[in-house]
Amino acid sequence: QVQLVESGGGLVQAGGSLRLSCAASGRTFSNYATGWFRQAPGKEREFVAATNWNGRSTYYADSVKGRFTISIDNAKNTVYLQMNSLKPEDTAVYYCANEKTSVVPRTTTGFGSWGQGTQVTVSA
């Protein structure tokens with residue numbers, strides 16, 4: 001059973017940056033799509049970004065386009081989410097998700113494996 005472990009969350013001021021990491025244990029990301037989702041208190045989990053296994057096909061929610069970048073380092077079995085120009089509305093628990101598919105999902109139901117999440121808090 002693959003395990004996904006997120007790290008890199010924390011508290012940052014508005015306008016600042018953070019880089020989240022999602023490490024996979026037990027296998028590589030080859031032939032898997034990986035996505036980042038977030039869930040704020042009282043809200044449903046929402047799509048943030050996703051990539052195919054080699055990073056050549058990436059997708060973003062409109063709310064983060066131009067500010068966030070998803071990338072993959074297969075040598076390190078790690079997917080990253082670089083978050084720049086952070087806003088208070090980006091505050092949420094961020095989750096990494098994974099699915100063996102060549103078609104990159106952009107919904108929670110499209111991913112079968114999930115990490116435990118990492119908290120990102122952006123202060124005004």
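These numbers were taken from a predicted model, which means no experiment stands behind them.
Note on F47: it does not cluster hydrophobically with Y80, by side-chain heavy-atom contacts below 4.5 Å among ILVMFWY residues. Following chains of ILVMFWY side-chain contacts shorter than 4.5 Å, one can reach V64 starting from Y94, so the two form part of one hydrophobic cluster.
More than 12 heavy atoms of other residues, nucleotides or ligands lie within 6.0 Å of NZ in K65, so this atom counts as buried by the packing criterion. The local environment of CD in Q116 is sparse, with at most 12 non-hydrogen atoms from other residues, nucleotides or ligands closer than 6.0 Å. Other residues, nucleotides and ligands place no more than 12 heavy atoms under 6.0 Å from the CD atom of Q13.
Separating the OG atom in S63 from the CG atom in D90 is a distance of 7.0 Å, to the nearest 0.5 Å. Rounding to the nearest 0.5 Å places OG1 of T109 at 10.0 Å from CD of E99. Taken to the nearest 0.5 Å, the OG atom of S30 stands 7.5 Å off from the CD1 atom of I72.
When the ring pair (Phe, Tyr, Trp, His ring centres under 6.0 Å) test is applied to Y32, no partner is found at least two apart in sequence or on another chain.
No side-chain heavy atom of V48 sits under 4.5 Å from any side-chain heavy atom of Y95. Using a 4.5 Å heavy-atom threshold, the side chains of V122 and E89 count as separate. Proximity of C96 to T34: side-chain heavy atoms (C-beta onward) are separated by under 4.5 Å at one or more points. L20 has its side chain within reach of M83: a pair of non-hydrogen atoms, C-beta onward, lies under 4.5 Å apart. The closest side-chain heavy-atom distance from L86 to F68 is below 4.5 Å.
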Apply side chain to side chain contact (heavy atoms under 4.5 Å, CB included) to the pair F111 and F37, showing each step before the final yes or no. CA-CA 11 Å; F111 291 93; F37 290 75; 3.6 Å; yes
List the steps and the verdict of side chain to side chain contact (heavy atoms under 4.5 Å, CB included) for T51 and Y60. CA-CA 9 Å; T51 180; Y60 297 93; over 6 Å; no
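When every heavy atom of T108 is checked against every heavy atom of W114, the shortest pair comes out as O-CZ2, 3.6 Å.
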